[in-house]
Amino acid sequence: MHPLFARPGESDSIPILFVTASSFEKVIEAVDDRERAFVKAAGFEPKAGRHLVVPAPDGRLAGVLFGLEPADEPVRDPFRPGALSTLLPAGTYRFANSPYDTRLAALAFALNAYQFARYRKGEPRKARLVLPEGLDGEELTLIVEGVSLCRDLVNTPANDMGPEELEDAARTLANRHDAAVRVVLGEALEREFPLIHAVGAGSQRAPRLIDLAWGKPSDPKITLIGKGVCFDTGGLDIKPEGAMLNMKKDMGGAATALGLAHMIMARGLKVRLRVLIPAVDNAISSTSFRPRDIYKSRKGLTVEIGNTDAEGRLLLADALALADEDKPDLIVDFATLTGAARVALGADLPPFFTDDDALAAELMECARTEFDPLWRLPLWRPYDAMLESKVADLNNVASGGQAGAIIAALFLRRFVTTSRWVHLDIFAWTPTTRPGRPEGAECQAARAIYAWLAARHV
Ligand code: BES
Ligand code: MN
Ligand code: ZN
């Protein structure tokens, strides 16, 4: 189990009392006189996110008060109690009464404690939580592991996370779960996946397609695809410095697919899992692909390059074509695909696209119950015409620059025939720390998709 989770009875625990503006008076009426006096003297106010450590007469900890939003507050953060894992002193704690959602609170407690400690020592994490009654600690643990794997891969800078290192990460995960990995490189890549090869051609670090397979062939086929651009300079259509600064995270889709794959395999879900990762460096050199180049994609459609910075959709096009060939029951792709998705919905709310209305509704529900927010945007067919090219079957960008996230999704759609396909345009980053979501890499949408799968394929 996760090192911060303790089993009930494993050790004495310190109670955490959740209070709201309206429950506060009643809650502290029930505590010891001295403790109540301390709470008053300390001037504790039962506001959301406030906490107070209350001493016992012998100087040890008697308990902790933690403020939550009032019950009638329309926007409540179910991850808020998670903040306690970095606020509390060393010790083992338990929830003495219920936060809004005990499972999400416990999950957030562990997610909140994450640190990226590859290049310097982390802070000690010594506040532990007794797993609340009825929760599956093993399942929470594998979810936290998947999220942490994803965060580590995204946080790792591009000098240590190129296409080869991404392949290593996939192989390490595969070994752990007895999965098979096939990698297509070099001339075979150029022949079979011309768009992936073209995008990666400018870098010394060879582009590749990573193809991981796991599970019983007779089980429902689930194929995950993750955009693996290890660094996105924009290519010859170079990004300005501000836009390039954080482009180590452009393999966030790949990291998310691997994090989710860990959850699926560790849980032993009854699926035939396939994970496809086109891994490249979008670099600048004399061998880079160029604006107005035309390539014949795996599917056979010819694509004119309108902009080398719209590289993610090119990778996904060839990967989606491959995924579609063996008619899986579901294809899910994750990609840090467009700045436009951020303009529309911001860093925390990734849009998803699918033609399957029932699936969309189910995903929205999973996103809500997992507090892994998603929002549906349309595959708005009338905009399809904007992808027309005068010389090829289609262009990789539209003129005009409006509805960028939809245009990118419509581009992808040309390479898929099944309607059991979901495309997620993720950000993979938390700009400023919030409970359960430390600043830096974030694993978006994987928990929601895992919940959807786990409810159907146990
Ligand atoms: N990786 C970027 C998209 C991106 C930028 C995601 C910032 C998250 C944050 C992608 O490869 C890209 O550059 N997209 C272009 C597309 C444009 C050239 C049509 C964009 O969004 O500007
Ligand atoms: Mn780009
Ligand atoms: Zn990119």
Side-chain angles (χ1 to χ4, degrees), residues 154-155 158 161-163 166 195-196 198-203 207 225-256 277-284 288-293 303-319 333-353 377 383 386-389 394-412 423-431 440-445:
V154 174
N155 279 327
M161 187 50 65
L166 195 50
L195 294 177
I196 299 174
V199 173
S203 178
I225 302 176
K227 170 179 172 180
V229 175
C230 293
F231 195 80
D232 185 10
T233 62
L236 293 174
D237 290 311
I238 188 170
K239 287 181 183 293
E241 63 180 19
M244 199 192 298
L245 183 62
N246 215 16
M247 282 299 124
K248 69 170 184 180
K249 76 173 172 73
D250 214 21
M251 34 60 73
T256 304
I277 297 175
V280 306
D281 214 4
N282 188 15
I284 300 171
S288 295
F289 75 132
R290 315 161 192 83
R292 292 271 184 263
D293 278 355
V303 180
E304 181 187 10
I305 307 303
N307 191 315
T308 63
D309 199 10
E311 83 296 342
R313 65 196 69 180
L314 299 170
L315 305 180
L316 293 176
D318 274 355
D333 80 71
F334 303 92
T336 49
L337 204 62
T338 69
R342 272 66 264 170
V343 175
L345 298 176
D348 304 336
L349 186 57
F352 72 95
F353 300 81
L377 288 183
Y383 293 168
M386 292 201 245
L387 283 166
E388 270 168 22
S389 162
L394 73 169
N395 199 295
N396 76 329
V397 292
S399 49
Q402 292 180 321
I406 294 175
I407 296 291
L410 287 171
F411 179 90
L412 300 181
H423 158 58
L424 293 123
D425 194 335
I426 59 173
F427 192 57
W429 199 260
T430 297
E442 188 51 288
C443 185
Q444 295 179 319

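Ligands are counted one by one from 1 in listed order, and the atoms in each one are counted from 1 as well. Every value quoted in this text rests on a predicted model; they were computed, and no experiment measured them.
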Next item on the list: Distance to 0.1 Å, residue and atom name: give those for the protein heavy atom nearest to atom 19 (C) of ligand 1.
Entry: V397 CG1, 3.6 Å
Checklist line | the Zn ion (ligand 3) - closest N/O/S atom in E311 | finding: OE2
Checklist line | Protein heavy atom at shortest distance from atom 1 (N) of ligand 1 | finding: D250 OD1, 2.8 Å
Item checked: Nearest-neighbour protein heavy atom for atom 12 (C) of ligand 1, which is reported as residue plus atom name and distance -> D309 O, 3.1 Å
Margin query: Give me the residue, atom name and distance of the protein heavy atom closest to atom 10 (C) of ligand 1.
Written below: L337 O, 3.3 Å
Next item on the list: State the atoms of ligand 1, each with its element, that fall below the 4.0 Å cut-off from a heavy-atom position in D232.
Entry: 1 (N), 2 (C), 10 (C), 11 (O), 13 (O)
Margin query: Heavy atoms only: which of A310, A341, G339 lies closest to atom 22 (O) of ligand 1?
Written below: G339
Checklist line | Part of I407 with heavy atoms under 4.0 Å of ligand 1, whether side chain, backbone, both or neither | finding: neither
Item checked: Residue selection (non-hydrogen contact nearest atom 5 (C) of ligand 1) among K249, E311, M247, R313 -> M247
Next item on the list: Quickly, which of E311, R313, M251 forms a side chain to side chain contact (heavy atoms under 4.5 Å, CB included) with K227? Name it, please.
Entry: E311
Notebook entry, point to check: Mind checking whether the Mn ion (ligand 2) has an N, O or S of D250 under 2.8 Å?
Noted result: no
Margin query: For the metal site, I want the angle between atom OD2 of D250 and atom OD2 of D232 with the Zn ion (ligand 3) at the apex, to 10°.
Written below: 90°
Check: With F411, which of L314, I406, N395 fulfils side chain to side chain contact (heavy atoms under 4.5 Å, CB included)?
Finding: L314
Notebook entry, point to check: Is K227 close enough that one of its N/O/S atoms sits under 2.8 Å from the Zn ion (ligand 3)?
Noted result: yes
Next item on the list: Provide the atom name of the closest N, O or S atom of D232 relative to the Mn ion (ligand 2).
Entry: OD2
Margin query: Looking at the Zn ion (ligand 3), is there an N, O or S atom belonging to D309 that lies under 2.8 Å away from it?
Written below: no
Next item on the list: Answer yes or no: does an N/O atom from N307 fall short of 3.5 Å to an N/O atom of ligand 1?
Entry: no
Next item on the list: Compute the angle centred on the Mn ion (ligand 2) spanning OD1 of D309 and OE1 of E311, and express it rounded to 10 degrees.
Entry: 120°
Note to self: Is the contact between K227 and ligand 1 made by the side chain, the backbone, both, or neither, using heavy atoms and a 4.0 Å cut-off?
What the structure shows: side chain
